[in-house]
Amino acid sequence: MALTFYWYPKCGTCRKAKKWLDEHGIRVEEVHIVEQPPSKEQLREFYQKSGLELKKFFNTSGMKYRELGLKEKLKTASEEEMLDLLASDGMLIKRPILTDGEKVTVGFNEQQYEELWK
């Protein structure tokens, strides 16, 4: 099972997730989410396969999110507008994203990783 790990190496949560993967001997293809952000179509696929609300894909604690006033804008934004925003800047995307092409997790939750990826 080939896993793709979209991450930002300076992000503490991403480093925790990477450490967990390493400790469990799980090899991943690493993709720097800022240098190579997922495309709008990839994001649409992640969103559909994750079972999460699209809003859960936003890095709500990021400076960019606050600068753009997205808390208010997302309340009325369409799915297309949200996907366009996410695809426009890797810093807006909640990370890490881990996928095997079928399952998708966003953020790092150790229990979720144990259940899905171990």
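In this text, all values refer to a predicted model and were calculated from it rather than measured experimentally.
Between atom CZ of residue Phe58 and atom CG of residue Leu74 there is a gap of 4.5 Å, rounded to the nearest 0.5 Å. With values rounded to the nearest 0.5 angstrom, Gln48 atom CD is found 11.0 Å from Leu43 atom CG. To the nearest 0.5 Å, atoms CD (Glu41) and CG (Leu83) are separated by 8.0 Å. Between atom CZ of residue Phe46 and atom CG of residue Leu86 there is a gap of 11.5 Å, rounded to the nearest 0.5 Å. Atom NE2 of residue His24 and atom NZ of residue Lys118 lie 4.0 Å apart, to the nearest 0.5 angstrom. Of the inter-residue distances, the one linking Asn59 atom CG with Lys94 atom NZ reads 7.5 Å to the nearest 0.5 angstrom.
Closest approach of Met91 to Asp89, counting heavy atoms only: N-OD1, 2.8 Å. Annotation for Ile33 and Pro38: closest pair CG1-CD, 3.9 Å, computed over non-hydrogen atoms. For the residue pair Pro96 and Ala17, the shortest heavy atom distance occurs at CG-CB, 3.7 Å. Here the closest heavy-atom approach between residue Glu81 and residue Thr76 is recorded as OE1-O, 4.2 Å. For the pair Ala87 and Ser39, the tightest heavy-atom approach, listed with the atom from each and the gap, is CB-C, 4.3 Å.
Atom NZ of Lys64 has 12 or fewer heavy atoms from other residues, nucleotides or ligands within 6.0 Å. Counting heavy-atom neighbours within 6.0 Å of Glu80 CD, excluding the residue itself, gives a total above 12.
Counting heavy atoms from C-beta on, the side chains of Phe5 and Glu29 never come closer than 4.5 Å. By the 4.5 Å heavy-atom criterion applied to side chains, Leu85 and Leu70 are counted as neighbours. Put simply, the side chain of Trp117 reaches to within 4.5 Å of the side chain of Thr105, judged on heavy atoms. Looking at Pro9 and Arg15, their side chains never come closer than 4.5 Å, going by heavy atoms from C-beta outward. Two residues are said to be in side-chain contact when any heavy atoms from C-beta on lie closer than 4.5 Å; Arg66 and Met63 meet this criterion. Contact check for Trp20 versus Ile26: side-chain heavy atoms found under the 4.5 Å cut-off.
Residues Phe108 and Tyr113 bring their aromatic ring centres within 6.0 Å.
The pair Lys103-Asp100 meets the salt-bridge criterion, since a charged nitrogen lies less than 4.0 angstrom from a carboxylate oxygen. Between Lys16 and Glu110 there is no salt bridge, since no side-chain nitrogen of the basic residue lies less than 4.0 Å from a carboxylate oxygen of the acidic one. The existence of a salt bridge linking Glu79 and Arg44 is confirmed by a sub-4.0 Å separation between a basic side-chain nitrogen and an acidic carboxylate oxygen.
In this structure, a donor-acceptor pair under 3.5 Å is absent between the side chains of Tyr47 and Gln42. Using a 3.5 Å distance cut-off with no hydrogens or angles, the side chains of Trp7 and Thr13 do not pair a donor with an acceptor.
Cluster membership check: Ile97 does not share its hydrophobic cluster with Leu21, using side-chain heavy-atom separations under 4.5 Å among Ile, Leu, Val, Met, Phe, Trp and Tyr. In terms of hydrophobic clustering, with Ile, Leu, Val, Met, Phe, Trp and Tyr side chains grouped at heavy-atom distances under 4.5 Å, Leu98 and Tyr6 are assigned to different clusters. A continuous path of ILVMFWY side-chain contacts below 4.5 Å connects Val106 to Val31, so both sit in one hydrophobic cluster. Both Phe57 and Val34 belong to a single network of hydrophobic side chains, linked directly or stepwise wherever heavy atoms of I, L, V, M, F, W or Y lie under 4.5 Å apart. No path of Ile, Leu, Val, Met, Phe, Trp and Tyr side chains, each step under 4.5 Å between heavy atoms, connects Leu116 with Leu52, placing them in separate hydrophobic clusters.
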Quiz prompt | Verdict with supporting geometry, Val28 and Thr4, side chain to side chain contact (heavy atoms under 4.5 Å, CB included) | solution = CA-CA 6 Å; Val28 294; Thr4 306; over 6 Å; no
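Arg95 places no side-chain N or O within donor-acceptor distance of the main-chain N or O of Gly107, the cut-off being under 3.5 Å.
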